[in-house]
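These figures come from a predicted structure and were not determined experimentally. The figures here come from the full heavy-atom set of this structure, side chains too, leaving out hydrogens, waters and symmetry mates.
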Amino acid sequence: MSCRTGCSGARRAAHSLGGRLALFPIETRVVVAFDFDKLRASPLAGALTQLAGDAQEDKDEIAAFTKRTGLDPWRDIQSLVVAFPEEARRGGQFGLVMRVSGMDPKRLIAYARDQAQKQGGDLQSAPRAHRLLWSRQSKGQGQGQGQGQEDLAGFFLDDRTFVLGAGGWAERMADLSDGGAPSGSAETNIDLIRLCERVANDRAVWAAALIPEQTRRQLLTEPRFKNAASLSRMAAALDVSQGLSATLLGDMGSAADAQALVGQVTDSLRDAKKNPEVLMLGLGPYLDGVTSKATATSFEIHATLTDPQVKDLLGRAAAYLKLARQGLVPGFRRP
């Protein structure tokens, strides 16, 4: 009976997400996903592309990469899913699964090797399960030092899927891709699966996080965040099919905490609308599309923008980036 309820429920949840969490280790607590096919199909695709590749230097770099590898990032990448554990900053672990319409692994490996050698390193390969794990190795690394234990490594699942991991996650994801230890997959974490399902349906961008106990304890030490200390789950989604629609939701420890957080959001919006800088920049109307509500122990915050509003914001962002690239924005450095 336990298997019929628990196991079958897990399979149904996993199927609804298309198996997107299957390759990530069980320690996964944060998931961020991008559906680039949906982004490219949106009415704002042209403005987004122009914003992302406005600088000629960026265009030249992408053109050179495409010529060498046959892969055009703006055209060929279909989706990207990134996952992190609870203490990602401490151990540096993360996993990434990228789906592409088609790629040539040999050309990509040759390009990566050339780039590594230009920076004083080399590209190494090592078998793991039935995969070939690729990683960068610095010159002068001693024999037996870093062999198969490089911090960042990746493998090709097929000619449409590339997997990258750090902090030992690449090796574990290779094992999972080969059918090893399925109980060690994030796909068996029902709480995470159900949280992802609440925002992943047909959204261009979404994210989900199980809030660790340590974070909640830290919130308790800050008086202004005390009401958020009982936050246990949080998820967000972005829809760009018509204008822009963003959703942020979370689960609190009590209905009183959920209502208090919504009250804080309402107060902040009211104060922002009176802010002289907001009024001077003409951003007041953008705040009118923000609403919030509490239902039992959960809260939801929604923000909507029309097509003209989104295009106006993108135009402002493009102008800011142009000034930044010209060195006219203090403190901005090109990455």
Show your reasoning for whether side-chain contact (heavy atoms from CB on, under 4.5 Å) applies to N201 and W206. CA-CA 9 Å; N201 184 32; W206 58 268; over 6 Å; no

Output, in order, the C-alpha distance, side-chain angles, deciding distance and verdict of side-chain contact (heavy atoms from CB on, under 4.5 Å) for L21 and T28. CA-CA 9 Å; L21 303 189; T28 296; 5.9 Å; no

Under the side-chain contact (heavy atoms from CB on, under 4.5 Å) rule, what do V81 and F24 come out as? Steps first, then yes or no, please. CA-CA 10 Å; V81 183; F24 298 116; 3.6 Å; yes

side-chain contact (heavy atoms from CB on, under 4.5 Å) between V97 and R20, worked out: CA-CA 8 Å; V97 177; R20 281 177 281 188; over 6 Å; no

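The two residues A237 and R203 make their nearest non-hydrogen contact at CB-NH1, 2.9 Å. Shortest non-hydrogen contact noted between L80 and F36 is CB-CE1, 3.8 Å. Across every non-hydrogen atom of T304 and S245, the tightest pair is CG2-OG, 4.0 Å. Closest heavy-atom contact between R40 and W74: NH1-O, 2.9 Å. Scanning all heavy atoms of the two residues, the minimum distance from F84 to W169 falls at C-CH2, 3.9 Å. Heavy atoms only, all atoms of each residue included: L195 and A209 are closest at CD2-O, 3.4 Å.
For T295, there are no side-chain hydrogen bond (donor to acceptor under 3.5 Å, both in side chains) partners two or more places apart in sequence or in a different chain. With sequence neighbours excluded, the residues that form a side-chain hydrogen bond (donor to acceptor under 3.5 Å, both in side chains) with S298 are D251. Judged as a salt bridge (charged side-chain N to carboxylate O under 4.0 Å, His left out), and not counting sequence neighbours, the contacts of R270 are D267. The side-chain contact (heavy atoms from CB on, under 4.5 Å) check on V265 picks up L261, L269, S292, I301, with sequence neighbours excluded. R29 is linked by a side-chain hydrogen bond (donor to acceptor under 3.5 Å, both in side chains) to nothing, counting only residues two or more places apart in sequence or in another chain. Contacts of D114 classified as salt bridge (charged side-chain N to carboxylate O under 4.0 Å, His left out), with partners at least two apart in sequence or in another chain: R68. Residues forming a side-chain contact (heavy atoms from CB on, under 4.5 Å) with T306 (at least two apart in sequence, or on another chain): P308, Q309. Under the rule for a side-chain hydrogen bond (donor to acceptor under 3.5 Å, both in side chains), D271 has no partner lying at least two apart in sequence or in another chain. When the side-chain contact (heavy atoms from CB on, under 4.5 Å) test is applied to I109, the partners found at least two apart in sequence or on another chain are R113, L123, W134, F156. For the side-chain contact (heavy atoms from CB on, under 4.5 Å) test, residues two or more places apart in sequence or in another chain that qualify with T69 are F65, L71, L108, Y111.
Between D178 and R128, every side-chain heavy-atom pair lies at or beyond the 4.5 Å cut-off. The shortest side-chain heavy-atom distance between R172 and E27 falls under the 4.5 Å cut-off.
Among pairs with a residue in residues 79-93, those fulfilling salt bridge (Lys or Arg N to Asp or Glu O under 4.0 Å) read E87-R90, at least two apart in sequence or across chains. Each side chain to side chain donor-acceptor pair (under 3.5 Å) pair with one or both residues in residues 276-289, not counting sequence neighbours, appears once here: K273-D288, Y286-D312.
Note on L281 and L279: separate hydrophobic clusters, where clusters join Ile, Leu, Val, Met, Phe, Trp and Tyr whose side-chain heavy atoms are under 4.5 Å apart, directly or indirectly. Taken together through direct or relayed side-chain contacts under 4.5 Å among Ile, Leu, Val, Met, Phe, Trp and Tyr, L238 and F34 form part of one hydrophobic cluster. Hydrophobic clustering (ILVMFWY, side-chain heavy atoms < 4.5 Å, transitive): I26 and L96 are in distinct clusters. Residue V310 is grouped with residue L283 when hydrophobic side chains (ILVMFWY) are merged at heavy-atom distances under 4.5 angstrom, including chains of intermediate members. Cluster membership check: V278 shares its hydrophobic cluster with V290, using side-chain heavy-atom separations under 4.5 Å among Ile, Leu, Val, Met, Phe, Trp and Tyr.
For the atom pair CG of L244 and CG of L313, the computed distance is 9.0 Å after rounding to the nearest 0.5 Å. Remark: L176 CG to E187 CD distance equals 10.0 Å, nearest 0.5 Å. To the nearest 0.5 angstrom, I77 atom CD1 is 13.0 Å from R99 atom CZ. The SG atom of C196 lies 8.0 Å from the CG atom of L210; values are rounded to the nearest 0.5 Å. Summarising the geometry, atom OG belonging to S101 is positioned 9.0 Å from atom CG belonging to D72; distances are rounded to the nearest 0.5 Å. Rounded to the nearest 0.5 Å, atoms CG (D151) and CD (Q93) are 9.0 Å apart.
Proximity of a side-chain donor or acceptor of R136 to a complementary backbone N or O of Q117 within less than 3.5 Å is not detected. Side chain of R160 to backbone of G102: no donor-acceptor contact under 3.5 angstrom is found.
In the displayed structure, M103 atom CE is contacted under 6.0 Å by more than 12 heavy atoms of other residues, nucleotides or ligands. The 12-atom threshold is exceeded at NE2 of H302, counting heavy atoms of other residues, nucleotides or ligands nearer than 6.0 Å. Surrounding CD of Q115 are more than 12 heavy atoms belonging to other residues, nucleotides or ligands, all under 6.0 Å away.
Here D239 does not pair with K38 in a salt bridge; the nearest charged N to carboxylate O distance is not below 4.0 Å.
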